[in-house]
Amino acid sequence: MITFNINGKEVQGEDGWTILEVARWHGIDIPTLCHHEALEPYGACRLCVVEVDDGRRSRVVISCMYPIKPGIKVQTDSPRVANVRRWIVQLLLDESPGAPKIQELAKTFGVTPSRFKKEGVDFACHLCGLCVRTCQEVAGVQALTFSNRGLRKEIATPYHQRSADCIRCGTCLYVCPTGAMEQLFPQLSAP
Ligand code: SF4
Ligand code: FES
């Protein structure tokens, strides 16, 4: 077992666990968007940031991918963390103001739409990858994939064709935190 500190409290976790896993095990809340306990961590949304002091320096890291180490001091709600998190929630809200999960996050962190909010878009895809990973890791098929890179990166079916691999299980629709999946592939939610 590895012993370290979260918010001034001594905690323990098994070697290989992440800060997020240990925090949740001990009932310490860290917000997430792209994380799902049934899936491999992906590190896309950055919402799970925490501040880690390893005795040499203090850094803001993403807790869903940061492996625990003996003696580190973790703060889940320091001023630095709160600042970064608020910016992330602001970006999410400006792009997906209609998504209930994003609205809930905004309410929790006291964020309101900014003047940069996208007009006419209520449910944007944030490329969290939950749909692609669920399709591959849970359903065991490859009906969805990431296509393109950089600013043109998007969720697509292979070769932009209706995928013959799709078993219409609907898990991609279920895990999507914004409802973008339903808009991208309305045929999946059709009866
Ligand atoms: S469609 Fe939804 S689940 Fe898929 S990457 Fe976009 S936001 Fe995430
Ligand atoms: S939950 Fe950690 S980066 Fe998304």
Side-chain angles (χ1 to χ4, degrees), residues 1-97 99-114 116-117 124-134 136-138 146 150 153 155 174-180:
M1 296 296 272
I2 291 179
T3 303
F4 66 106
N5 191 291
I6 300 182
N7 298 342
K9 181 180 156 197
E10 192 175 280
V11 293
Q12 286 191 320
E14 288 183 25
D15 194 11
W17 284 21
T18 62
I19 290 175
L20 179 66
E21 286 172 313
V22 179
R24 291 201 165 161
W25 180 259
H26 288 85
I28 299 163
D29 186 44
I30 297 175
T32 59
L33 189 81
C34 72
H35 180 80
H36 193 292
E37 48 281 357
L39 304 173
E40 288 295 315
Y42 182 59
C45 72
R46 327 294 291 179
L47 194 61
C48 65
V49 284
V50 295
E51 192 166 350
V52 173
D53 182 348
D54 63 6
R56 288 177 299 138
R57 60 183 177 149
S58 184
R59 291 189 296 151
V60 172
V61 303
I62 51 172
S63 62
C64 70
M65 295 193 79
Y66 195 94
I68 57 172
K69 293 172 189 160
I72 56 172
K73 289 190 174 73
V74 178
Q75 288 184 68
T76 64
D77 207 13
S78 67
R80 272 176 90 188
V81 168
N83 192 32
V84 174
R85 207 173 271 155
R86 275 182 57 85
W87 275 109
I88 294 166
V89 174
Q90 185 74 69
L91 289 171
L92 291 169
L93 183 68
D94 284 348
E95 293 196 341
S96 290
K101 170 141 189 169
I102 308 293
Q103 289 171 350
E104 203 180 300
L105 283 167
K107 198 171 162 197
T108 305
F109 296 102
V111 173
T112 53
S114 78
F116 300 112
K117 100 178 172 55
C125 171
H126 296 279
L127 299 171
C128 71
L130 279 171
C131 53
V132 174
R133 289 179 290 139
T134 305
Q136 295 178 358
E137 296 176 34
V138 178
F146 286 109
K153 192 171 176 181
I155 302 297
Y174 177 74
V175 294
C176 179
T178 66

Whether Trp25 and Trp17 hold their rings parallel, tilted or perpendicular, with breakpoints at 30° and 60°
perpendicular

If you draw a 6.0 Å radius around CD in Gln12, do more than 12 non-hydrogen atoms from other residues or ligands fall strictly inside?
yes

Can you check whether Pro41's main-chain N or O pairs, donor with acceptor, with Arg133's side chain at less than 3.5 Å?
no

Within this structure, what is the CG-NE2 distance for the pair Leu91 and His126, rounded to the nearest 0.5 Å?
9.0 Å

For Arg86, does its backbone N or O pair with a side-chain atom of Asn83 as donor and acceptor, under 3.5 Å?
no

Might you confirm whether atom CZ of Arg80 has over 12 heavy atoms from other residues, nucleotides or ligands at distances under 6.0 Å?
yes

Quick one: pull up CZ in Arg85 and CD in Gln90 and give me the separation to the nearest 0.5 Å.
15.5 Å

Are any side-chain N or O atoms of Thr76 and backbone N or O atoms of Val50, one a donor and one an acceptor, separated by less than 3.5 Å?
no

Examine distances only and state if a side-chain atom of Gln103 and a backbone atom of Pro97 form a donor-acceptor pair shorter than 3.5 Å.
yes

Does Thr32 use its side chain to pair, donor to acceptor, with the backbone of Cys48 at less than 3.5 Å?
no

Closest heavy-atom contact between Glu137 and Ala38?
OE1-O, 4.3 Å

Would you say CZ of Phe146 has more than 12 non-hydrogen atoms from neighbouring residues, nucleotides or ligands within 6.0 angstrom?
yes

Between Asp94 (side chain) and Ser114 (backbone), is there a donor-acceptor pair under 3.5 Å?
yes

To the nearest 0.5 angstrom, please state how far the CG atom of Leu92 sits from the CD1 atom of Ile102.
4.5 Å

